[in-house]
Amino acid sequence: MGGGSDTPPFRYTAALAQQIENAWQDRWDREGTFVTPNPGQAGFDASRPKKFILDMFPYPSGAGLHVGHPLGYIATDIYARYMRMTGHNVLHAMGFDAFGLPAEQYAVQNNVHPREAVNRNVSTMRQQLRRLGLGHDPTRSVSTTDEDFYRWTQWIFLQIYHSWYDADAHGGAGAARPIAQLVEQFERGERTVPGENRPWKSLPEAVKRRVIDEHRLAYLAEVPVNWCPMLGTVLANEEVTADGRSERGNYPVYKRPLKQWMMRITSYAERLLNDLELVDWPEKVKIMQRNWIGRSEGAMADFACNTRRIRVFTTRPDTMFGATYIVISPEHEMVDHLVGEKYGNVAFEKAIFPGAAEMLANGCSPRELVMAYRAFASKKTDAQRGEGKDKTGVFIGAYALNPVNGQRVPVFIADYVLSGYGTGAIMAVPAHDERDFEFAKAFKLPIRDVVYPRPVAAMAHYALHAFENEVPPSDWRDELADYLGVVSGEGQHQRSHAEMLHMIRSRRDPARSGGVVTAADTSSPGSIGERRGVVRSFWLETLDDLEIHDFNEFRERFVNAGFYARQGEAFSGAGLAVNSASTSLKIDGLETATAKVRVAEYLEQAKLGKGTINYKLRDWLFSRQRYWGEPFPIVFDESGEAYAMPESMLPVTLPHMGNFQPESSEDPQAPVKTPLDRAKDWATTTLDIGFGAQRYKRETNTMPNWAGSCWYYLRYLDPKNSEQFCSPQVEKYWMSGNAEKSAASRLGVDLYVGGVEHAVLHLLYARFWHKVLFDLGHVSTPEPFRRLFNQGYIQSYAFKDERGIYVDAFSVKTPDGRNFMDCIDEFKDSQGPFTFEGKPVVREYGKMGKSLKNAMAPDDICRDYGCDTLRLYEMSMGPLEASKPWNIRDIPGSYRFLQRFWRNLIDEQTGALRVSDQPAPMELRKALHKTIKGVRQDMEALQFNTSIAKLIELNNTLTKHTGGGSAAPVEVARAMTLMLAPLAPHMCEELWGKLGNPKSISQEPFPQFDEKLVVDDEVEMPVSVQGKVRSRIMVPVGCDAKGIEAAALADEKVRASIEGKPIKKVIVVPGKMVNIVV
RNA sequence: GCCGCUGUAGCUCAGUGGUAGAGCGCAUCCUUGGUAAGGCUGAGGUCAUGGGUUCAAAUCCCAUCAGCGGCUCCA
């Protein structure tokens, strides 16, 4: 390492780095360097602004860290160190998300109890993180599995359980309120009981209870879940593969209704959406959350059917005149009531699905077909439902009435309508919805245009109202193309479409102008302009594309409202309503947006529906049939009623179980038993929860592993508090700040760094809990995470052998027998062949990971180079947010930079400091101050790669100085050490000590720059003639445009380029460049 | 299919209308004596492609191509 026996004794080698790093890590621990006091505690400085810096909660993997994991941790550490050096109180801690499936699976596979596995893995991970020199506050570390932690997770669950969502609060924005307030309102008659005519007091207890439970933000409901009988548990959607099998074990997964705890996150949909505007997050993540919440404006409309009404949801009420049939989901509860006795004669297909034809031939009834179709549809998993887009379905032998025109339309069931979205029923508008179009085509149902974009509307107008001279045998296609060009011409859109059509048409009326457009018309619509020829040929091409050749056929399309049927695809964009009039409502000619409003108004008036807002977001399924999770603080009495346990009984501790594995079965209908059901002594208990001592059964489901990560950041603030989950004063300081600042700076965590894979679920769930706590007055900010930053992944190559199994990527050889990993650059685009133990392997590229057998442990790099080198390398790989390939060959570059810097300050032979008190030469000093300015900016913006590049450049400048035999000026040495300290803290601590400072460098102020020293007094400016750079001139910084112009024109090379031609124009941008136009 | 991001030196990336840049790698030479060492100097670019706007485009606009990510019968 670092040379042979000749290596100078005090060179910065791996061995020296290790020695320095160990010494400083010990000293940081000993002195509690990174312990951060809370308000009111000794050492707390209230005058400093706060920074709460947070990493996404890691799961303590048994596999240990690889070099990809700490990328974000190193970044937040650098940022935290920089903030400490710029006068902030910094809170930066690290805890462990140790409940959940991965921990349980690890325990099963390694045959240890999860508790033991977690303890072991946490301590390994703490060691690894410590080795990276991360300056976390060790006193604030928490684990979700600590009783002292999950006691408060249960407490928050109770807060949610004891709350309801008052949609009227805050002028309609809504807020969570204690459920006791709801009961008071009912009692005082201030609020009517939904679905009840009787006053609250006269209601039976059971009804009261049902009403209250239906309002709770945490509630029990029977919902379809992903049930995997072989694993004996429900699975989250992301744990189910595309083929409807479990990710682990590849077992079949079924949809099965189960009674589960739910969280009413849908109540918060609007606020979760709107408050995204308050936070400084990557736009990408905001978009993902918006899509997930999936707000859509539309209308509910009731289609009368027999004596009942089918309620549909649509985002396009303006197309209601084009609704030619109705589709409801196969599981829709109304199907049984609506299904007809027998089929009459119809002009469309009655049923399409495997076996349907035979059934129809045998004269099966609608009911029988419905049953058969339901069986067919339920066999498909969600994923399979989406696979083939071929439409299937069954006409149920009933008709409904279209509320806008009274038209009788057939009712179908089809699995392309999902029961969980909207009302589970749609009006089908085949001309303006792709799915409906496909279905209508398959079932031979009518497809009727009701919206045309402007050009098509113009075509329709032309087709239906053409003058004699515009139809065959005249050259009508030319006329039409010309006319379309005019209609679609620039500046025409301000006019109403109808107005414009009228104007243009009347001008072309042969009765008026003789069919000749005169030159007098050239400035008004319909005129002859310069570009008419080009525009006309464009429209002729369009007519060709639309296969418009025969006038009568063309006209027929519009007479039958069958333009899109003929086109073969739906038009789902906005345009103008057509063919949309009845005796009660007429929207022809209205723009889509206006038409939507008009139809919604009509529906409301006619009591047939109303405008409404729908969300894709569903309530959050909060139960897991697992052992390794937080128990619910809930018990059931003998009749099965649920009761919350009082706060005083928390925590409800998880019983120790030797066998904690879930029960598996091959029968998808086998009764669901959770592991905790088997803990008989625990599952049944005698308690006094306010009704005297009674026997109760405990809730034996556990919480999902999202629960702990929903609020862990709040516990970092006050980790040892045994009275509250967090004291309000402490919460207020770290989340809202001490001063009266702008709203933006009061929004919680100042920087939250983590992978984009948590863009939706974790961040949405955590925001939801935080908002509930905010509404109930437990936290001071409406949002938990003000600034979010997604670090990229470290990627690497992976190799699979013939069996498709990953092989150790570090043993893969190139064709010439070298290790692939040592020469990635050369073989980046090569196809190999690559071999592992002589056998051919296939290369892949992706995220680094243990399972891909391409992971490199940070410990190895620390051993070979020191962790300062590793930190520096990881940060200089590229922008933090970018994913980038790990390339071991680039690490020595970072290592050598540290060596060069060290050598600039330290005599490698004696180990003595080698700096001089002489002032730095002006050039060096200027370079220093420019660097300080740049590094400060880069640090704030988390652009550590560029701040490192700037420091390398400065070090190169310094090397030129010291290379001449001079010692580094102390002002440069000090400033550079301080600037490098957040990035390579151990080396800089050491140098800082040698520079005569007893205090840890982490407490020292970051260098300031002198504004005067970052500007040059002379700048070089390029002079270009006709846009080409011909020369460069030096001008003083303050020089005005005239002076610069004179200097430029005086330049010889410039004069040569001008060649005496007359000068038309001289453009001078002071400080930037001169351009001479001749 | 839809949405988003990216495309600049061999590699990883800076560069928000005004001079094409950094680090690493590579090459020459010097020091060092055999190396993942130090220093000097240097080569290396159709800024993905094609149009447009402008005195001036890597940068702004439009289209296309390639790569990556997310969502996907969401009415």
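Numbers restart at 1 for each chain; the letters A, B, ... are given by sequence-line order, proteins then strands.
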Distances under 3.5 Å between nitrogen or oxygen atoms of protein and nucleotides 68-71 of chain B:
unit_1, atom_1, unit_2, atom_2, d
B/G69, O2', A/Lys284, NZ, 3.3

> What about A/Phe439 and A/Phe412, are their ring centers closer than 6.0 Å?
Replying inline: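 Under 6.0 Å, so yes.
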Applying the Watson-Crick and G-U wobble criteria at under 3.5 Å, what pairs with [N]? Answer none if nothing qualifies.
N     : result
B/G34 : none
B/G45 : none
B/U28 : none
B/C60 : B/G52
B/C65 : B/G7
B/A22 : B/U12

> More 5' along RNA chain B: A/Ala949 or A/Phe313, using each one's nearest nucleotide?
Replying inline: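 Upstream on the strand: A/Ala949.
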>> Listing request: all salt bridge (Lys or Arg N to Asp or Glu O under 4.0 Å) pairs with a residue in residues 418-431 of chain A, at least two apart in sequence or in separate chains.
In response: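 Found none.
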>> We want to know whether A/Thr392 and A/Tyr373 form a side-chain donor-acceptor pair, criterion being a heavy-atom distance below 3.5 angstrom.
In response: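 A/Thr392 vs A/Tyr373: donor-acceptor pair found between side chains.
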> Considering only heavy atoms, which members of residues 420-430 of chain A lie under 4.0 Å from some atom of RNA chain B?
Replying inline: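 Those residues whose heavy atoms fall under 4.0 Å from RNA chain B, taken from residues 420-430 of chain A in numerical order, are A/Tyr421, A/Ile426.
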>> With a 4.0 Å limit, can you tell me whether A/Asn956 has a side-chain N or O closer than that to the phosphate oxygens OP1/OP2 of B/G23?
In response: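 So the side chain of A/Asn956 is within the cut-off, an N or O lying under 4.0 Å from OP1 or OP2 of B/G23.
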> Is A/Arg900 near enough to B/C24 that one of its side-chain N or O atoms lies under 4.0 angstrom from OP1 or OP2?
Replying inline: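 Answer yes for this pair, as a side-chain N or O of A/Arg900 is under 4.0 Å from OP1 or OP2.
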>> As a test of reading the structure: which of B/A37, B/C73, B/A22 is closest to the side chain of A/Arg896, going by heavy atoms?
In response: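 Side chain of A/Arg896 sits closest to B/A37.
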